[in-house]
Amino acid sequence: MGCSPGDGDCYAEEKPVRRVTITRPFEMSKFQLTQQDYEAVMNTNPSNFKGSNLPVENVSWDDAQRFCEAVNGKGDGYRYRLPTEAEWEYAARAGDPSSRYGPLLQVAWFRDNSGGTTHPVGEKQPNAFGLYDTLGNVWEWVQDWYGITYFSHKPESDPKGPQSGEYRVSRGGSWRGVVRGQSRVSARYILKPNTRSLVVGFRCVREPVA
């Protein structure tokens, strides 16, 4: 995890590189959560850019938690949640050590090609795991509290962020590409958990209920 070899755009909070182990299997949605899927569960669509197959945005970390709780209430045999930072980066990299899993124009909607808006999910090339838009389109909330020294901790299994904090983390970059530069797998964006932004959405992971 952390700053990729040769990536000159990294911030101090993405260093040092750390090796972690993901020991628990999980499944991640291949797409960012769409507005039609969010509205089907929550009966509302808070997004600034409207479109059924556009990623939902203008949702806070708290909103994402409420969505997962609502889906869990349906009892389909799985537990839905946000990924940890480690799970997200593992899934986004898909075994690729570089800062992007392909040429940015081919894999992401970002400042130079977005036209100032989000785009339907799944239109760019997926990574090696078959996941779309892990770079660009909208930042994706993860479960963890923000820790500026997160990458300084010793190697560990299934790492999680601090026990408490002021900010939650999102990953992956967005269509606007202003905060933290262009989309990179190690880039981190922080907001208070009740903050809504038109550059931030999410995708869920799931695991079987024990």
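The chain is numbered in sequence order, starting from 1.
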Verify whether one side chain among [X] and [Y] offers a donor that lies under 3.5 Å from an acceptor in the other.
X	Y	result
S98	D96	yes
T134	Y101	yes
S52	Q35	no
Y146	E13	yes

Quick one: do [X] and [Y] end up in the same hydrophobic cluster if we chain Ile, Leu, Val, Met, Phe, Trp and Tyr together by side-chain heavy atoms under 4.5 Å apart?
X	Y	answer
L82	Y80	yes
Y167	Y150	no
F26	V169	yes
V138	F110	no

So which atom in [X] and which in [Y] form the shortest heavy-atom distance, rounded to 0.1 Å?
X	Y	value
R196	D63	NE-OD2, 2.6 Å
Q32	D133	NE2-O, 2.9 Å
L135	S183	CB-CB, 3.9 Å
N137	P120	ND2-O, 4.3 Å
V41	A70	CG1-CB, 3.6 Å

Supply the atom-to-atom distance [X] [atom1] to [Y] [atom2], rounded to the nearest 0.5 angstrom.
X	Y	atom1	atom2	value
D158	T23	CG	OG1	3.0 Å
R184	R100	CZ	CZ	7.0 Å
E140	C204	CD	SG	10.0 Å
T118	R176	OG1	CZ	12.0 Å
R203	L33	CZ	CG	10.0 Å
I190	D144	CD1	CG	13.0 Å

Within the side chain of W141, is there an N or O that forms a donor-acceptor pair under 3.5 Å with the backbone of R171?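 Not a single qualifying donor-acceptor pair exists.
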Side chain of S47, backbone of E57: donor and acceptor closer than 3.5 Å? yes
Would you say the ring centers of F202 and F67 fall short of 6.0 Å from each other?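 Yes, they do, as the ring centres are separated by less than 6.0 Å.
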Run the numbers on F151 and M1 for side-chain contact (heavy atoms from CB on, under 4.5 Å), then give the verdict. CA-CA 8 Å; F151 287 93; M1 292 187 68; 3.6 Å; yes
Can you classify the ring geometry of Y90 versus F129 as parallel (below 30°), tilted (30 to 60°) or perpendicular (above 60°)?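 Y90 and F129: tilted rings.
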Parallel, tilted or perpendicular: which one describes the rings of Y189 and W139, with boundaries at 30° and 60°?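 Y189 and W139: tilted rings.
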Sulfur to sulfur, is the gap between C10 and C3 shorter than 2.5 Å?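 C10 pairs with C3 as a disulfide (SG atoms under 2.5 Å apart), so yes.
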Passes side-chain contact (heavy atoms from CB on, under 4.5 Å), Q106 versus K124? Steps please. CA-CA 6 Å; Q106 296 179 21; K124 291 296 186 178; 5.9 Å; no
Do W175 and V199 have side chains that get closer than 4.5 Å, going by heavy atoms?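 They are in contact (side-chain heavy atoms under 4.5 Å apart), so the answer is yes.
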Flag side-chain contact, heavy atom, 4.5 Å: S186 against R93: yes
Check each of E87, E69, E27 against R81 using the salt bridge (Lys or Arg N to Asp or Glu O under 4.0 Å) test, and report the only one that passes. E87
Check step by step if side-chain contact (heavy atoms from CB on, under 4.5 Å) holds for N127 and Y132. CA-CA 7 Å; N127 69 12; Y132 293 83; over 6 Å; no
